[in-house]
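Accompanying notes for the structure given below.
The figures here come from the full heavy-atom set of this structure, side chains too, leaving out hydrogens, waters and symmetry mates. Every value quoted in this text rests on a predicted model; they were computed, and no experiment measured them. Each chain gets a letter, A, B and so on, in the order the sequences are listed, and its residues count up from 1.
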Number of protein chains: 2
Amino acid sequence: MNIDIPALNTKIGDKCADCPIHHRAVCAYCEKSELMMLETMKSYSNYAAGDTIIMAGDNMKFVGSVVTGVASLSQTMEDGRRQMVGLLLPSDFVGRPGREYASFDVVATTPVTLCKFERKPFEKMLESTPQLRERMLEMVLDELDAAREWMLLLGRKTAREKIASLLMIIGKRQNSLSPFDMNSGMKFELSLTREAMADYLGLTLETVSRQINALKKDGVIELEKKRHVIVKDFTRLLDETGDDADGGYVI
Amino acid sequence: MNIDIPALNTKIGDKCADCPIHHRAVCAYCEKSELMMLETMKSYSNYAAGDTIIMAGDNMKFVGSVVTGVASLSQTMEDGRRQMVGLLLPSDFVGRPGREYASFDVVATTPVTLCKFERKPFEKMLESTPQLRERMLEMVLDELDAAREWMLLLGRKTAREKIASLLMIIGKRQNSLSPFDMNSGMKFELSLTREAMADYLGLTLETVSRQINALKKDGVIELEKKRHVIVKDFTRLLDETGDDADGGYVI
DNA sequence: CGATTCATTGATACACTTCAACAGACGTGG
DNA sequence: CCACGTCTGTTGAAGTGTATCAATGAATCG
């Protein structure tokens with residue numbers, strides 16, 4: 001789950017077989033004939049960073065897959081308090097079949113390309129296509145596990161542990177294609193603002209800023225240009241997460 | 001502790017059709033022939049309050065449904081900090097098909113009766129039984145929504161809002177079978193200790209105790225015998241949760 | 001009956017929030 | 001090219017909600 005895909009060097013056409021995410025997305029187990037059927041109900045949309053893709057309460061006319069970019073799933077209380085409840089990466093599924101109205105906001109945090117399926121036809125196909133439903137079930141179970149790991153973070157970790165955990169997750173994920181030597185360290189681009197991190201971690205943006213700089217001052221991480229992180233001592237960062245040696249987070 | 005009983009030893013017989021939860025559990029959409037098949041792979045187990053039903057890391061030999069009682073799904077850090085990540089009530093599913101080892105602890109918080117299915121045969125049946133898989137998908141999607149609601153609670157709600165939300169959920173869920181009049185109020189048994197509530201809400205047990213008594217002092221709830229809650233003014237409690245009018249929690 | 005578990009209550013500590021000021025990066029338009 | 005506004009991030013000072021530590025009470029049970 002959640003492995004970044006190589007940058008697209010081809011245009012995204014309407015052929016599912018050429019799709020960069022089709023081996024990981026909801027359609028992963030579909031056969032040619034089923035992919036052809038999906039092609040009849042799909043379309044692509046692009047969103048700019050910051051765009052709201054779906055608002056909680058919206059009547060859902062489509063579901064779909066993230067093809068490129070990063071989007072966030074979040075909830076907002078009446079007084080403005082906000083909590084991110086999921087990060088949507090390429091191949092992740094957007095929307096819930098069988099539900100008429102959206103429960104959460106979906107916002108593009110980077111430019112996003114979405115492969116959309118009209119909801120009704122998709123639901124109908126889901127009923128009659130075991131492969132589709134099987135993959136769907138798998139993906140939802142993975143998301144549930146991830147959500148539960150996050151609950152531990154939100155409920156019990158300190159601010160410093162939260163930051164370290166987030167850096168860990170983003171770093172590992174971004175480096176997962178070209179596995180790095182744990183001793184030689186890793187570099188990565190932090191594509192979230194301090195505010196977005198705060199919304200994710202259940203903190204304020206000031207606390208996020210302070211804790212990141214504390215980790216820097218303590219030599220756990222180095223910073224280039226505010227959003228570019230260098231982790232020289234990988235195990236040191238792991239220690240700071242509060243998780244046991246193995247990490248616990250499934251990537 | 002963990003007494004495996006022959007199916008006929010209790011009120012709960014081996015006839016799925018007579019099962020008190022069969023209209024809500026994973027088997028809800030199954031037809032007679034399928035129920036009969038399930039009957040060949042199932043058995044009942046009883047657990048005392050406090051018993052560990054599954055430990056994280058265990059090799060999962062079974063999955064199943066909670067028939068009676070309440071169990072909790074939780075995670076523990078090395079230094080003892082604990083976070084509940086799910087509440088398992090009658091009809092809820094236990095275990096994850098397709099996964100060999102358990103990711104979380106499952107502990108009985110009250111005496112629990114579990115309807116167990118051997119994992120391998122169940123998985124096989126899941127593959128070949130659309131009704132079973134459909135219900136499974138529905139239930140997992142509901143759990144995911146509930147987990148995400150809980151993330152908002154853990155990340156952004158105050159202690160008082162957390163308590164009110166928990167009372168709301170347990171109350172609604174326990175009264176969902178025999179629907180109550182929202183104006184006449186509701187009564188329910190709070191089957192969790194203060195410590196269990198604390199683990200669920202990401203608080204300490206002292207804070208839980210203080211906040212429950214504060215809600216009582218403010219006339220939002222009444223208490224009988226520490227664990228028996230009476231809610232006269234339903235909307236008042238709803239206000240205290242911080243959620244918008246509609247509640248948001250799916251039952 | 002003491003023993004044990006569960007819950008309440010008080011005093012104090014501190015992690016994080018809140019409020020506020022400021023600095024750097026960036027783009028825009030005169 | 002500079003003045004400007006905006007967005008993002010940093011930093012300080014003060015406030016507060018919840019944790020921690022500690023003692024006591026209430027209920028249950030063999």
Salt-bridge criterion met for E240(B) and K157(B) (N-O under 4.0 Å): no
query: In whole Å, what is the span from the CG atom of L203(A) to the C1' atom of dA15(C)?
result: 11 Å
Interatomic distance where NZ belongs to K216(A) and C1' belongs to dG9(D) [whole Å]: 12 Å
- request: Rounded off to whole Å, could you give me the CG-to-C1' distance for the L192(B) and dA7(C) pair?
  value: 15 Å
message: When you measure only distances, ignoring hydrogens and angles, does the side chain of Q211(A) come within 3.5 Å of the base of dC16(C) through a donor and an acceptor?
response: no
query: Tell me: CE of M197(A) to P of dG9(D), nearest whole Å?
result: 6 Å
- request: Specify the separation, in whole Å, of atom CZ of R227(A) and atom C1' of dC26(C).
  value: 13 Å
message: Heavy atoms only, 4.0 Å cut-off, all strands: where does G50(A) land among base, sugar-phosphate and nothing?
response: nothing
task: Answer yes or no: does a side-chain N or O of S209(A) lie under 4.0 Å from OP1 or OP2 of dT10(D)?
output: yes
task: Would you indicate, yes or no, if dT9(C) has its OP1 or OP2 atom less than 4.0 angstrom from a side-chain nitrogen or oxygen of N213(B)?
output: yes
field: Lys/Arg N to Asp/Glu carboxylate O, K216(A) vs E222(A), below 4.0 Å
entry: no
query: Is there a side-chain contact between L87(A) and Y200(A) (heavy atoms, below 4.5 Å)?
result: yes
- request: For the side chain of T207(A), starting at C-beta, report the closest nucleotide among dA7(C), dT18(D), dC16(C).
  value: dC16(C)
- request: Write down the distance between CG (L205(B)) and P (dT8(C)), rounded to a whole number of angstrom.
  value: 10 Å
task: Please determine if R96(A) and D142(B) form a salt bridge, counting it only when a charged side-chain N lies under 4.0 Å from a carboxylate O.
output: yes
- request: For K226(B) and for E206(B), find the nucleotide of DNA chain D with the closest heavy atom, then tell me which residue's nucleotide is more 5'.
  value: E206(B)
query: Base, sugar-phosphate alone, or nothing: which one does T193(B) contact when heavy atoms must sit under 4.0 Å apart?
result: sugar-phosphate
query: Between the base of dG17(D) and the side chain of R210(B), is there a donor-acceptor distance below 3.5 Å?
result: no
message: Taking R236(B) first and then D218(B), would you say they form a salt bridge - that is, a charged N and a carboxylate O separated by under 4.0 Å?
response: no
query: In whole angstrom, what separates K162(B)'s NZ from dG17(D)'s P?
result: 14 Å
- prompt: Atom NZ of K157(A) to atom C1' of dA19(D): distance rounded to whole Å?
  reply: 19 Å
